[in-house]
Amino acid sequence: MSVHLLEEMSSPALDALDRARTAVILTVSPLEEHGPHLPVGVDAITARYFAETLGKRLAGARPDWSVLLAPTLHIGSFTFHAAGTVSVRQRVVRDTLVDYGGSLARAGFRYILIANGHGGPGHLTALEEAAAIVSRRHRVTMASFTGHLAWQFLRGRYLEKIGAALGRPLADDERTAFAEDAHGGWWETSLMLLLRPDLVDDSYRTLPPARYSWLERVVPNYAVRNGGRGYVGHPALADPVFARATTEVLMAEAMAIVEGLLDGTRRASTHRSPFSKVPVFRTNFWPAAAGVAAGLGAVALGVGGWMMRRNRQVS
């Protein structure tokens, strides 16, 4: 297998690729604040690393295949709003991926994978909806499974494997800190120390823990409200050794999923985040809800008018 940058190839070179043995990887993540110690490109940087590493591992596992890495799309929804954050409407995220995937599918590519580093529930849902739409319309395999991996990761499902990769089990206080981690905290700061230490401000070492209950986390923009500094978790615990261990576990899990998708032994629908099952996170929920409300209002006005006319006739 060989790994190619989509933007650097000519149309004839792309057309010469064996469509049945080519995997396209789309990297999609927003620019978003990540506290006072990390750059706004954290999600995109980590997603690109994920895409490149996945491509290299596929190259080693399938030498007769090709991988196309598409340019990173800096788009995303359900973000924390602060200087540097660029938030895109959820519908736009979904439709952009539908158009990208559709273009690739019409060109004959049958396997399209989405690499994403942002965990906003509506964002993950938009990516999964887009993948499902393209797969259904064009009879190809387009999959967004990073939401599934992130959910399993944050729930602690991989802690034993992470401990094995570290060569020691996580201590009780580390498990507690891990459960409180979500955004710009222990894991993402560790990952940036591994990938781009030049972009991590040394202030991370002295940042206090930022703890939020699940109830507090449902409030929009909660991490920057009431004096919040835009991170969630324990950035002071950051360690590139931890990042290397967690990344190894996540890549092994990702490879198992991707191999199954390419072989046809796994379905993309079984590797989605739980958010796509929650109506309020679906792309069409609020427009549909507004339509229902308007419809109910029209019905109410119609019934009210009919009753007024009826009462005048009776009187």
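The chain is numbered in sequence order, starting from 1.
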What I want to find out is whether [X] reaches [Y] closely enough, with some N-O distance under 4.0 Å, to be called a salt bridge.
X: E129; Y: K277; value: no
X: R272; Y: E128; value: no
X: R211; Y: E216; value: no
X: D18; Y: R110; value: no
X: R19; Y: D15; value: yes
X: K161; Y: E248; value: no
X: E160; Y: R175; value: yes
X: R48; Y: E52; value: yes

Heavy-atom side-chain proximity of [X] to [Y] below 4.5 angstrom:
X: V134; Y: L104; result: no
X: V88; Y: H123; result: no
X: L207; Y: P36; result: yes
X: Y111; Y: T22; result: no
X: V28; Y: I75; result: yes
X: R205; Y: S203; result: no
X: L261; Y: I257; result: yes

Checking [X] side chain against [Y] main chain: does a donor-acceptor pair fall under 3.5 Å?
X: R282; Y: S276; value: yes
X: H271; Y: G147; value: no
X: T247; Y: R244; value: no
X: E180; Y: G233; value: no
X: S77; Y: R89; value: no
X: W186; Y: H234; value: no
X: T53; Y: F50; value: no
X: S190; Y: D239; value: yes

Verify the neighbour count for atom [atom1] of [X]: are there more than 12 heavy atoms of other residues, nucleotides or ligands below 6.0 Å?
X: D172; atom1: CG; value: no
X: R139; atom1: CZ; value: no
X: R225; atom1: CZ; value: yes
X: L5; atom1: CG; value: yes

Of all heavy-atom pairs between [X] and [Y], which one has the smallest distance, and what is that distance?
X: T27; Y: A44; value: CG2-O, 4.4 Å
X: L127; Y: S144; value: CB-OG, 3.5 Å
X: S29; Y: N116; value: OG-OD1, 3.4 Å
X: L124; Y: S273; value: CB-OG, 4.1 Å
X: D43; Y: P30; value: CB-O, 4.0 Å

Between T265 and D263, does any side-chain donor sit less than 3.5 Å from a side-chain acceptor?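 Per modelled atom types, T265 and D263 side chains form no pair under 3.5 Å.
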T146 and H148 side chains, donor-acceptor separation under 3.5 Å: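 No, T146 and H148 have no side-chain donor paired with an acceptor closer than 3.5 Å.
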L58 CG to L113 CG distance, which is reported to the nearest 0.5 Å: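 One finds 7.5 Å between CG of L58 and CG of L113.
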Do the two ring centres, one from F153 and one from W187, sit under 6.0 Å apart?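 Yes - the distance between ring centres of F153 and W187 falls below the 6.0 Å cut-off.
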Output field: ring centroids H34/Y231 closer than 6.0 Å: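 Not close enough - the centres of the two rings lie 6.0 Å or further apart.
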For residues I112 and L73: do they belong to one hydrophobic cluster (side chain heavy atoms under 4.5 Å, members Ile, Leu, Val, Met, Phe, Trp, Tyr)?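 Looking at the clustering, L73 is in the same group as I112.
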Pair S87, T79 - check side chain to side chain donor-acceptor pair (under 3.5 Å), show working. CA-CA 6 Å; S87 186; T79 54; 3.3 Å; yes
Tell me whether R217 forms a cation-pi arrangement with Y212, defined as NZ or CZ under 6.0 Å from the six-membered ring centre and within 45 degrees of its axis. no
